[in-house]
Amino acid sequence: MPELPEVETYKRYFASTALGQQIDNIKVKDDRILKVEENEFINTLQGNSFKSVTRHGKYLFIECNSIFLVMHFGMTGDLEYYHHNEEEPAYTKVLFEFTNNYILSYISTRMFGKLDITDNMREYIQKKRLGPDALTMSYEDFIKSLEKRTTNIKTALMNQSIVCGIGNIYSDEILFRSKINPLTRINVLEERQLRQLFSNIKDVLLYGIEKEGILSTYSDKFLIPHRNQEDECPLCKRKIERYEILGRHGFFCPNCQKLH
DNA sequence: AGCGATGTTCGCCG
DNA sequence: TCGGCGAACATCGC
């Protein structure tokens, strides 16, 4: 499921369940999900406990034994914490079994997620060239990130090196609320628009977190409930349009989001 | 049955 | 080296 609001929801879920639990055993059901060698992965974590969890964009960094377990969820990742008497969730790739008889399942239906290990969170973020976290960045961070870029604003918002945490669905929502056409080149945006955009990034993501990323509960005033069906614009009632960019498809209102 | 999918990475080109 | 772009990746549900 995950863009930033979903990953923030996973973070809170993790914090209220697996955090602080001692890892009794780790089962790797499919080692293709691991970015490090399986033995190293297991030996580093087993016997220790999760001390803290931090989110940067769509990544979670979980402190354990003075290193960090890095979780990324791809398009179809999930976490489930359950009692060992209960059934193992479908598409479980890695199981963390705790001494309290509970188990955390790392789920990845389509294998796009990844688990990694790092001893330095900051270096890891730098090495992957991840931009500032979309939720916590300042306006100055945002502007600095966009500098020297020539691409369109939709591509920029989805580029994790520019801003970290926004994907296909939320970028559409943010642009819709900002009344900016997705194909607008960054360099033609005026300061007023950039400030508006920045503030809408925060508002949309915060709303998403409040809703725990459950799209079906989003207000009808949002673009999100009108995706996939060629619906009408919740503002002007004209037909929204489907478009394609970077091999992804999105939606926008050609009337409210004019290109200039 | 084929296509699309809330993501990242890699290789190519300028 | 860097930015932009498109294809590849793996798998399942509609």
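Chain letters run A, B, ... following the sequence lines, proteins first, then strands; residues in each count from 1.
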My understanding is that a pair needs two contacts under 3.5 Å, Watson-Crick or G-U wobble. By that rule, which nucleotide pairs with C:dC9?
B:dG7
Using whole Å, what does the distance between atom P of nucleotide C:dC9 and atom NZ of A:Lys35 come to?
15 Å
Phosphate oxygens OP1/OP2 of C:dG4: is one of them under 4.0 Å from a side-chain N or O of A:Arg149?
yes
Ring geometry between A:Phe73 and A:Tyr10 (parallel below 30°, tilted from 30 to 60°, perpendicular above 60°):
perpendicular
Taking only side-chain N and O atoms of A:Tyr91, does any of them lie within less than 4.0 angstrom of OP1 or OP2 on C:dG13?
yes
Interatomic distance, A:Met111 CE vs B:dT9 P [rounded to whole Å]:
15 Å
Mind checking if A:Thr155 touches a base, just sugar-phosphate, or nothing, with heavy atoms under 4.0 Å?
nothing
Tell me whether the side-chain N/O atoms of A:Thr151 come closer than 4.0 Å to OP1 or OP2 in C:dC5.
yes
Using only side-chain N and O atoms of A:Arg32, determine if any of them is under 4.0 Å from OP1 or OP2 of C:dA10.
no
Take the angle between the ring planes of A:Tyr81 and A:Phe98 and call it parallel below 30°, perpendicular above 60°, tilted in between.
tilted
Measure from CG on A:Leu246 to C1' on C:dA7 and round the result to the nearest Å.
12 Å
Applying salt bridge (Lys or Arg N to Asp or Glu O under 4.0 Å), run through A:Lys154 and A:Asp172 and close with a yes or a no.
CA-CA 7 Å; A:Lys154 165 75 171 180; A:Asp172 271 357; 2.9 Å; yes
Can you tell me if the side-chain N/O atoms of A:Lys114 get under 4.0 Å from OP1 or OP2 in B:dT9?
no
Looking only at side-chain N and O atoms, does A:Lys58 come under 4.0 Å of OP1 or OP2 in B:dG7?
yes
Is the number of heavy atoms from other residues, nucleotides or ligands under 6.0 Å of A:Arg238 CZ greater than 12?
no
With a 4.0 Å limit, can you tell me whether A:His72 has a side-chain N or O closer than that to the phosphate oxygens OP1/OP2 of B:dG7?
no
Nearest whole Å is fine: how far is C:dA10 C1' from A:Ile33 CD1?
9 Å
Is any side-chain N or O of A:Gln160 closer than 4.0 Å to OP1 or OP2 of B:dT8?
yes
Less than 4.0 angstrom between a side-chain N/O of A:Arg129 and OP1 or OP2 of C:dC2, yes or no?
yes
Is A:Thr150 close enough to C:dG3 that one of its side-chain N or O atoms is under 4.0 Å from OP1 or OP2 there?
no
